[in-house]
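Everything on this sheet refers to the single structure shown next.
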Amino acid sequence: MSSVFYMPPMTLMGQNAIQSLGSELTSKELSKALIVTDSVLVEIGLINRLTDELKSHNIDFAIYDGVKPNPTEKNIEDGLAILTQENCDFVISFGGGSSHDAAKGIALVAANGGHIRDYSKGVHTSKKPQLPLVTINTTAGTASEMTVFAIITNEADETKYPVVDKHFTPIIAVNDSELMVAMPKFLTAATGMDALTHAVEAYVSTAATPITDASAIKAIELISQNLATAVENGEDRQARDAMQYGEYLAGMAFSNASLGYVHSMAHQLGGVYDLVHGLCNAILLPEVSRFNAVATPARFVDIAKAMGVDVSNMTQEQAIEAGIAAIEALSQQVGTAQRLADLGVTEDKLAFMAQNALNDACSLTNPRKASLEEIIDIFKARL
């Protein structure tokens, strides 16, 4: 059976990596960027690290800073309007997954026309490469800076849907850990647990390959060893660097092996309740893992080992539970072990969300198939 592996042709990694971006853009003869970001990164001045680099290489730019935490179809439409008005010939996303996903939508529709929703009906459906896209990451979690995924919210019907397209791959991704030093504790925790979820789900995916397996396991090791430190002391450069590599490896894994029920369910919580995606993943991951372990027990033993559990004197069942308990302990340590009810989730929406979760593209590669009632039960267990 053949497989395809997608990732950016170039990624600039490590402290002050952004300082290498201008010369790379100049060599590609790109002249004016639409910068897609959120208002907070503009207000705190972090965006200046990018704009100063562009100015130093005489690259013009316009800024769209209206991206929401759960990016919407309107975000894409508004960004497209500015791109057209300002005659931009490429797009730069600056931020976390929200900015990257919105920028991907803008760049794809700019080149292919139509509406972003048109590209959610199947995978890899666009005909032409998107407008050149550069992604600059300020969080260590979503890996959207390098994946073929974008998650978009339709506010009209309270749904959140994935778009999977090979043309989403940026021409350059930037992971500069210095841009992540100022990231608040909760955002560090939520994005870190998102990255851990990516790695776990990719490792047990029905589309996993030896390449994605290696990426996923190393990602779990790096995240389990460094997330708590990065949350506790955001200026710990070693932990920040390790998390940057961990989230990127997790992205390599899930961009090619896809995900599972944790993400398909979390998407619905984001669509209906506008909740933080990484927090939703952290809440759901242990419960979905217990459900999936029935189908792939050996893989969950591997996950336990990667989480640092000594399984040498354990039965398979004990090792699986110890691994999931280690995930729960990490979530508790970084502050994401919360209950859905405390976040405003109510039982009357569970059936609606469960049905949409089963229709979500991420459900296709979950290792164990669930009924509607089983998905509802998983939601209920986390209320």
Side-chain angles (χ1 to χ4, degrees), residues 6-11 21-22 24-39 41-42 47 50-51 54 57 59-68 70-137 142 144-156 160-174 255 361:
Y6 298 106
M7 65 182 297
M10 175 183 291
T11 301
L21 179 61
E24 293 295 341
L25 296 178
T26 300
S27 71
K28 296 180 184 301
E29 300 183 344
L30 297 170
S31 60
K32 187 170 184 178
L34 174 68
I35 299 174
V36 179
T37 188
D38 64 66
S39 58
L41 295 178
V42 174
I47 194 75
L50 168 60
T51 55
L54 296 178
H57 287 80
I59 298 171
D60 200 3
F61 58 87
I63 297 177
Y64 170 56
D65 65 355
V67 177
K68 290 188 173 184
N70 287 301
T72 65
E73 294 174 339
K74 188 174 187 302
N75 285 155
I76 293 170
E77 293 163 4
D78 291 347
L80 276 166
I82 296 174
L83 181 140
T84 301
Q85 178 183 328
E86 295 289 336
N87 294 312
C88 299
D89 62 344
F90 73 112
V91 179
I92 300 177
S93 59
F94 185 88
S98 301
S99 296
H100 303 322
D101 286 1
K104 287 175 177 177
I106 292 166
L108 193 77
V109 176
N112 287 273
H115 190 279
I116 188 60
R117 204 180 313 135
D118 300 336
Y119 304 97
S120 68
K121 301 172 177 63
V123 298
H124 309 309
T125 59
S126 69
K127 302 299 183 184
K128 296 185 290 186
Q130 65 185 357
L131 213 61
L133 173 66
V134 175
T135 54
I136 302 173
N137 212 17
T142 70
S144 185
E145 81 278 5
M146 57 81 64
T147 69
V148 297
F149 282 76
I151 310 300
I152 307 299
T153 297
N154 179 346
E155 293 178 298
K160 193 173 178 181
Y161 57 86
V163 181
V164 185
D165 201 293
K166 63 187 177 183
H167 289 138
F168 276 153
T169 308
I171 59 170
I172 303 173
V174 181
S255 186

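Throughout, numbering of the chain's residues begins at 1 and tracks the sequence. Heavy-atom basis, side chains included; hydrogens, waters and symmetry copies ignored.
Contact detail for G122 and T125: the closest heavy-atom pair is C-CG2, 3.8 Å. What you find for K32 and D89 is that their closest heavy atoms are O-OD1, 2.7 Å. Of all non-hydrogen atoms in A102 and I76, the two that sit nearest each other are O-CG1, 3.9 Å. The minimum heavy-atom distance linking L131 with A110 is given by the pair CD2-CB, 4.4 Å. Taking every heavy atom of both residues into account, L133 and A103 meet most closely at CD1-CB, 3.9 Å. Listed here is the closest heavy atom pair of H100 and I136: CE1-O, 3.2 Å.
Within the 4.5 Å cutoff, no side-chain heavy atoms of V134 are placed close to those of P170. No side-chain heavy atom of Y64 sits less than 4.5 Å from a side-chain heavy atom of L83. The shortest distance between side-chain heavy atoms of F168 and V163 falls below 4.5 Å. At a threshold of 4.5 Å between non-hydrogen side-chain atoms, the residues L30 and I59 do not count as touching. M146 is not listed as a side-chain neighbour of T135, based on a closest heavy-atom distance of 4.5 Å or more. Side-chain atoms of T37 and V67, non-hydrogen and from C-beta on, never get closer than 4.5 Å to each other. In this structure the side chain of I151 reaches within 4.5 angstrom of the side chain of K160, judged on heavy atoms. Looking only at side-chain heavy atoms (C-beta outward), L25 and L54 come within less than 4.5 Å of each other.
For the atom pair CD1 of I152 and OH of Y119, the computed distance is 13.0 Å after rounding to the nearest 0.5 Å. A distance of 8.5 Å separates CD1 in I47 from CG in D65, rounded to the nearest 0.5 Å. Here the OG1 atom belonging to T142 is positioned 5.5 Å from the CG atom belonging to N137, to the nearest 0.5 angstrom. The CE atom of M7 lies 11.5 Å from the OG1 atom of T147; values are rounded to the nearest 0.5 Å. Atom CG of D101 sits about 10.5 Å away from atom CG of N75, to the nearest 0.5 Å. Distance check: F61 CZ to L34 CG gives 11.5 Å after rounding to the nearest 0.5 Å.
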Exercise. Go through the steps for S144 and K104 under the test side-chain hydrogen bond (donor to acceptor under 3.5 Å, both in side chains), then give the verdict.
Key: CA-CA 9 Å; S144 185; K104 287 175 177 177; 3.2 Å; yes

Quiz prompt | Criterion side chain to side chain contact (heavy atoms under 4.5 Å, CB included) on Q130 and D165, from CA distance to verdict | solution = CA-CA 10 Å; Q130 65 185 357; D165 201 293; over 6 Å; no

Quiz item: side chain to side chain contact (heavy atoms under 4.5 Å, CB included) between I35 and T51: does it pass, once the steps are laid out?
Solution: CA-CA 9 Å; I35 299 174; T51 55; 4.0 Å; yes

Quiz prompt | I63/F94 under side chain to side chain contact (heavy atoms under 4.5 Å, CB included): CA gap, chis, key distance, verdict | solution = CA-CA 10 Å; I63 297 177; F94 185 88; over 6 Å; no

Quiz item: Taking it one step at a time, do T26 and H57 satisfy side-chain hydrogen bond (donor to acceptor under 3.5 Å, both in side chains)?
Solution: CA-CA 7 Å; T26 300; H57 287 80; 5.1 Å; no

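Surrounding NZ of K68 are at most 12 heavy atoms belonging to other residues, nucleotides or ligands under 6.0 Å away. Atom NZ of K121 is surrounded by more than 12 heavy atoms from other residues, nucleotides or ligands within 6.0 Å.
Although no hydrogens or angles enter the test, the distance criterion places no donor-acceptor pair under 3.5 Å between the side chain of S99 and the main chain of S93. Between the S255 side chain and the V148 main chain, a donor and an acceptor come within less than 3.5 Å of each other. The main-chain N or O of S126 is never found under 3.5 Å from a side-chain atom of N112 such that the two would form a donor-acceptor pair. Remark: the backbone N or O of K128 is paired with a side-chain donor or acceptor of H167 at under 3.5 angstrom.
The salt bridge (charged side-chain N to carboxylate O under 4.0 Å, His left out) check on K166 picks up nothing, with sequence neighbours excluded. Residues satisfying the salt bridge (charged side-chain N to carboxylate O under 4.0 Å, His left out) criterion with E24, sequence neighbours excluded, are absent altogether. For D38, there are no side-chain hydrogen bond (donor to acceptor under 3.5 Å, both in side chains) partners two or more places apart in sequence or in a different chain.
Proximity of the aromatic rings of H124 and Y6 is defined here by a centroid distance below 6.0 angstrom, and this criterion is met.
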